[in-house]
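One structure below.
Residue numbers start from 1 in every chain, and the chains themselves are labelled A, B, ... in the order their sequence lines are given, proteins ahead of strands. Below, all heavy atoms of this structure are taken into account, side chains as well, without hydrogens, waters or symmetry copies.
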Amino acid sequence: MTIHEKTLAMQKLPLSFYLRNDVLKIAKELLGKILVTNWNNEYTSGRIVETEAYAGETDKASHASKGRTARTDVMFKEGGRAYVYLIYGVHQMFNIVTNKEGIPDAVLIRGIEPIEGTDIMLRRTGKKKLDETLTKGPGNIGRAFGFHTSQCGLLLNSDELFIADDGFKFPKELITTSPRIGVDYAGKHAELHYRFFVKGNKYVSGKVR
DNA sequence: GAGTAGATCCTCT
DNA sequence: GAGGATCTACTCA
């Protein structure tokens with residue numbers, strides 16, 4: 001069995017996975033899961049090694065703290081959807097909406113270890129060689145996996161976009177938390193340990209704290 | 001090796 | 001009209 005056949009045979013996470021009300025738990029459980037995009041039959045996959053949780057309207061670091069607007073509307077919808085937005089006019093950021101309708105929880109995917117379709121990722125990013133910068137950091141993931149704001153609102157159980165579980169788990173002692181990156185403006189909320197990552201993994205972004 | 005500017009556009013005030 | 005859940009390249013050392 002090739003790797004490709006294996007990942008095709010993997011279990012998609014059911015939508016019920018995203019509908020639970022504990023976004024921190026979901027963010028942590030996503031570590032080790034496999035993100036798959038399959039736009040126009042260009043199959044790319046990678047293992048998630050870094051996430052950040054954004055918890056509800058009260059979270060000052062979250063876009064949803066400004067209320068339900070045209071942009072944040074999808075965060076308020078039922079979980080299991082993609083929230084893709086443009087930042088700094090340059091980067092497409094991919095988030096997973098969680099929780100039930102009316103509660104704007106989301107998980108930002110910040111670090112991924114590529115598994116399949118690295119040739120496609122290299123073409124999309126314009127990089128020459130395969131190294132950790134390919135899918136390190138949310139902006140790079142957006143490019144490598146071909147995300148675009150037009151994909152905002154897509155359900156995560158389609159054949160174009162889903163997250164799979166192949167049974168792999170990182171050892172518990174390697175799972176670490178830290179404050180979130182790039183949200184210093186959020187005051188007290190910037191100090192919360194809502195970031196989850198795999199210690200020592202080279203696809204984890206940001207500085208070691 | 002460290003620090004900083006520029007890219008570039010959508011959303012909300 | 002300002003600024004952002006970022007990255008890269010370029011400067012200076």
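Residue-nucleotide stacking is present for A:Tyr54 and C:dA5, judged by a side-chain ring centre under 5.5 Å from the six-membered base ring centre and planes under 30° apart.
Atom CD of A:Gln92 and atom P of C:dA5 are 15 Å apart (whole Å). The NE2 atom of A:His63 sits 10 Å away from the P atom of C:dG4 (whole-angstrom rounding). In this structure, CD of A:Glu132 is placed 15 Å from C1' of C:dT8, rounded to the nearest angstrom. Across the protein-nucleic acid pair, A:Phe147 atom CZ and C:dC7 atom C1' stand 18 Å apart, rounded to whole Å. In this structure, CG of A:Asp184 is placed 11 Å from P of C:dG4, rounded to the nearest angstrom. Atom CD1 of A:Ile87 and atom P of B:dT8 are 15 Å apart (whole Å). Rounded to a whole Å, the NZ atom of A:Lys66 is 7 Å from the P atom of B:dT13. Atom-to-atom, CZ of A:Arg71 to P of C:dA5 comes out at 7 Å; the value is rounded to the nearest Å.
Stems are defined here as 3 or more consecutive Watson-Crick or G-U wobble pairs with pairing distances under 3.5 Å; those involving DNA chain C are B:1-7 with C:6-12, B:9-12 with C:1-4.
At the heavy-atom level, A:Gly89 lies under 4.0 Å from base atoms of the strands shown. At the heavy-atom level, A:Lys127 lies under 4.0 Å from the strands shown only through sugar-phosphate atoms. As judged by a 4.0 angstrom heavy-atom cut-off over every strand, A:Val183 is placed among residues touching the sugar-phosphate backbone only. Backbone-only contact: A:Asn140 has heavy atoms under 4.0 Å from sugar-phosphate atoms and none from a base.
The same atom, C1', is picked in B:dG3 and in C:dA5; the two are 22 Å apart, to the nearest Å.
The existence of a salt bridge linking A:Lys66 and A:Glu57 is excluded, since no basic side-chain nitrogen approaches an acidic carboxylate oxygen closer than 4.0 Å.
Of the candidate nucleotides B:dA7, B:dC12, B:dC10, B:dC12 has the atom lying nearest to any side-chain atom of A:Thr69. Distances were taken from every side-chain heavy atom of A:Asn95 (C-beta onward) to each of C:dA5, B:dC10, C:dC7; the shortest belongs to C:dA5.
Side-chain atoms of A:Thr44 and A:Glu116 include no donor-acceptor pair closer than 3.5 Å. Looking only at atom types and distance, the side chain of A:Ser65 has no donor-acceptor partner in the side chain of A:Ser62 under 3.5 Å away. Side-chain contact of A:Thr125 with A:Arg143: a donor-acceptor pair under 3.5 Å is absent, judged by distance alone.
The closest side-chain heavy-atom distance from A:Leu35 to A:Phe94 is below 4.5 Å.
For A:Tyr185, a side-chain nitrogen or oxygen approaches OP1 or OP2 of C:dA5 to under 4.0 Å. The phosphate of C:dT6 has OP1 or OP2 within less than 4.0 Å of a side-chain N or O from A:Arg110.
Under the 6.0 Å cut-off for aromatic ring centres, A:Tyr194 and A:Phe196 do not qualify, their centroids lying 6.0 Å or more apart.
A:Thr51 places a side-chain N or O within 3.5 Å of a backbone atom of A:Ala27 that can act as its donor or acceptor partner.
Note on ring orientation: taking the six-membered ring where Trp is involved, the planes of A:Tyr85 and A:His63 are perpendicular (angle over 60°, cut-offs 30° and 60°).
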